[in-house]
Q: 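My questions will all concern the structure given below.
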Amino acid sequence: MCGIVGYVGDEDSAPILLDGLRRLEYRGYDSAGLAVHHDGQIGVVRAVGKLRNLEKALSQAPLAGTVGIGHTRWATHGRPSEVNAHPHVVGPVAVVHNGIIENHLQLRKRLADQGHSFVSDTDTEIIAHLVALELENGGELESAVRRALTQVEGAYAIAVISTSEPDTVVVAKSSSPLVLGIGDGATYCGSDIPALLPYTREMIFLEDGEMAVLRREGVSITKLDGTVVEREATHIDWSPVMAEKAGFKHFMLKEIYEQQRAMEDTLRGRLDRESGDIHGHEIGLSTDDAKAIKRVYLLACGTSHHSAIAGRYYIEKLAKIPTTVELASEFRGRDPIVGEGDLVIAVSQSGETLDTLEAAKLAKAKGAKVLAIANVIGSAIPRMSDATFYTHAGPEIGVASTKCFTTQLANLLMLSIFLGARRGVLGDEERAALVEGMARVPHLMNDVLVGTKQLVANLARRYNHARDVLFLGRGLSFPIALEGALKLKEISYVHAEGYAAGEMKHGPIALIDENVPVLVLVPKDSTYDKSIGNLQEAKARDAQVIAIATEGDDEVAAICNDVVTIPAVDEVFTPFLTVVPLQLYAYFVADMKGTDVDQPRNLAKTVTVE
Ligand code: F6R
């Protein structure tokens, strides 16, 4: 997830572009850059780190000109560095890009075979090469961009300028967001409404498969096939603060809503529905390496530890490798038996959590191979790991992790399918069915979100005064019960516990009375019958039981006080769906209590202390 902006007008463009980027910094902030037309040339300034570094660079090397593009980066291909920062310039062309080009490796190879050389590790530089090549074949910038994009697969919002047309910016969109702004004698583009709000409230939302040419006098929109698109501007009356959160009250809610997009970005280029397989080059394990793994250790903290518990189920079930999950802080405090032949998977959204980092270093020092699953490119854990399988959730601003958790689950499931297939323990048919099922998950998550939101808000209103709340689950629902409890306690400060449902009778059942809401996860899976038994035990002790169950499950509906339903899916996909109402429940309770949802007390987004 990155932020892009563009401007065509009569004002000095750099301050307008910088201001737009400042409002988009929530989309990424590991480097930034501007490209501006000046005297028949394109001036470019880029800087690593937050926007203030770019501002400093611009104060030393100002860019004068009234037409330009800008970018704030959240690295997906290539670590944060000045050469990987956008805009990327090839010949007369400069490009900024938000998204992921799936076929960039093939395109890079083809271009390299034709004699092109590359200065960055990014997928974006490929687009700049393709547009520059097409421009050499003649025609306007618009048609060169159109021809270049027919060769590109994946997600993009791009803005392109060329010395051949100093008064235009050409933009295009597929999957990644792009908004056009219509001003008085000026036009704008941006990844999101906030970037443009101080300049105009008249906006046009570009659709997938469309491109536009921005000129002072207005914009002309076409489909990629050249068909003309007529679209009226929409008047936006958001306040700037609302706009930054895209109209959501808190970043956490926005991020819960972003999960479909985050999941799609994470699956993109890894799930291959045609071959029914996983592209696993980032995993860094050959078939022989996969076969040689004797044991897997999953190391993590907090929410990432919960996704790691689900990861153990996936790896044992699909890849048949003995797997241990460890709290990183405990693992490093012992003298763990780990070494050659072991694969250690360090799961960390930030990639900086000190306990996970030190635990992974310890395992590596003892001879284990370390694979990171992280969301922040170039962070400490990926840097010390043998390979990194990144999640592409984009920056997570809310301290309580939501979209990073579900994308971690996705990577752990894809990794398990990959390992199972390479080790020869997962048949082709089962593998293809899993890939197909996985591809449908992001959409189903959004269905659950939209379909359960109101009911969950009502439940939160009814139970938000409870002092204690229990979350129960078995099998793959156990880590989700833990996660539901953690979400509730960290943002609403309500005492909540997650338990393996089978453990209730060994102690925790003593806590239950009519004042304790019990959220029980009972999707129709292999643990269903036993979970129903546990649900009945809670009900028999007068608990207020709220079930998260499969649609059409009348048996559960008859026993419980309330039921929130998810669609029927293969067991391995249930965590992606059952966690959504629990995230919403925690959010609504916290919001009703008026806590600081995005920055709960005593917590930090990245924990770099022991
Ligand atoms: C809870 C939460 C934390 C983190 C934990 C590990 O919502 O976000 O429990 O999961 O601090 O952080 P990472 O994943 O960055 O290693």
Side-chain angles (χ1 to χ4, degrees), residues 74 250-256 258-259 262 266 297-311 325-332 344-361 370-385 388-412 471 479-494 496 498 575 579-580 582-587 589-590 595-610:
W74 174 261
H250 295 101
F251 279 109
M252 181 184 175
L253 188 60
K254 175 169 176 275
E255 286 158 4
I256 291 173
E258 276 174 359
Q259 285 182 111
T266 298
Y297 281 92
L298 287 151
L299 309 180
C301 304
T303 284
S304 298
H305 179 248
H306 300 157
S307 71
I309 298 174
V325 189
E326 297 265 6
L327 287 165
S329 53
E330 289 299 313
F331 179 86
R332 61 182 287 234
V344 166
I345 305 174
V347 187
S348 171
Q349 170 281 126
S350 62
E352 298 285 350
T353 299
L354 189 70
D355 280 323
T356 312
L357 175 65
E358 292 302 325
K361 279 187 188 165
V370 178
L371 170 65
I373 292 185
N375 195 48
V376 181
I377 303 257
S379 49
I381 297 171
R383 285 204 306 274
M384 59 71 54
S385 297
T388 304
F389 194 25
Y390 283 107
T391 53
H392 292 310
E396 196 175 58
I397 312 287
V399 163
S401 187
T402 51
K403 61 180 182 168
C404 283
F405 173 72
T406 41
T407 52
Q408 285 171 351
L409 288 179
N411 274 17
L412 286 161
F471 291 75
I480 304 305
L482 293 175
E483 179 58 7
L486 178 60
K487 286 287 89 91
L488 185 63
K489 60 187 142 191
E490 70 180 327
I491 59 168
S492 73
Y493 318 142
V494 169
V579 77
V580 173
L582 301 192
Q583 294 169 338
L584 284 173
Y585 183 79
Y587 172 77
V589 172
T595 61
D596 188 346
V597 170
D598 285 331
Q599 288 178 331
R601 69 185 182 202
N602 307 338
L603 295 179
K605 187 71 189 157
T606 305
V607 184
T608 50
V609 291
E610 298 178 72

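Since this is a predicted model, take the numbers as computed values, not measurements. Counting convention: from 1, in listed order, for ligands and their atoms alike.
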Q: When you look for heavy atoms under 4.0 Å from ligand 1, do you find them on the side chain of Glu490, its backbone, both, or neither?
A: side chain
Q: Report the part of His305 in contact with ligand 1, treating N, CA, C, O as backbone and CB onward as side chain, heavy atoms under 4.0 Å; options are side chain, backbone, both, neither.
A: neither
Q: Using a plain distance cutoff, I'd like to know if Gln408 has any nitrogen or oxygen under 3.5 Å from a nitrogen or oxygen of ligand 1.
A: no
Q: Check side-chain hydrogen bond (donor to acceptor under 3.5 Å, both in side chains) between Gln599 and all other residues, then give those that pass, not counting sequence neighbours.
A: none
Q: Without swapping roles, check the side chain of Glu255 against the backbone of Ile397 for a donor-acceptor pair under 3.5 Å.
A: yes
Q: Under 4.0 Å, counting heavy atoms only: does Asn375 come that close to any atom of ligand 1?
A: no
Q: Apply side-chain hydrogen bond (donor to acceptor under 3.5 Å, both in side chains) to Tyr587 and list each qualifying residue two or more places apart in sequence or on a separate chain.
A: His250
Q: As an exercise, identify every atom of ligand 1 less than 4.0 angstrom from a heavy atom of Gln349.
A: 13 (P), 14 (O), 15 (O), 16 (O)
Q: Testing the 3.5 Å rule here: is there a donor-acceptor pair between the side chains of Lys487 and Thr402?
A: no
Q: So, for Gly398 and Phe251, which heavy atoms are closest and what is the spacing to 0.1 Å?
A: N-CB, 4.0 Å
Q: Can you list the atoms of ligand 1 that are under 4.0 Å from a heavy atom of Val399?
A: 7 (O), 8 (O)
Q: List ligand 1 atoms under 4.0 Å from Lys487, heavy atoms only on the residue side.
A: 1 (C), 7 (O)
Q: In this structure, which one of Val325, Val344, Ile309, Ile373 forms a side chain to side chain contact (heavy atoms under 4.5 Å, CB included) with Leu298?
A: Val325
Q: Going by the atom numbers of ligand 1, which of them fall below 4.0 Å from some non-hydrogen atom of Ser401?
A: 7 (O), 8 (O)
Q: Taking N or O atoms only and a 3.5 Å limit, does Thr303 qualify as a polar contact for ligand 1?
A: yes
Q: Using a 4.0 Å cut-off to any heavy atom of Ala400, which atoms of ligand 1 qualify?
A: 7 (O)
Q: One pair to check against side chain to side chain donor-acceptor pair (under 3.5 Å): Asn411 and Thr391. What are the steps and the verdict?
A: CA-CA 7 Å; Asn411 274 17; Thr391 53; 5.4 Å; no
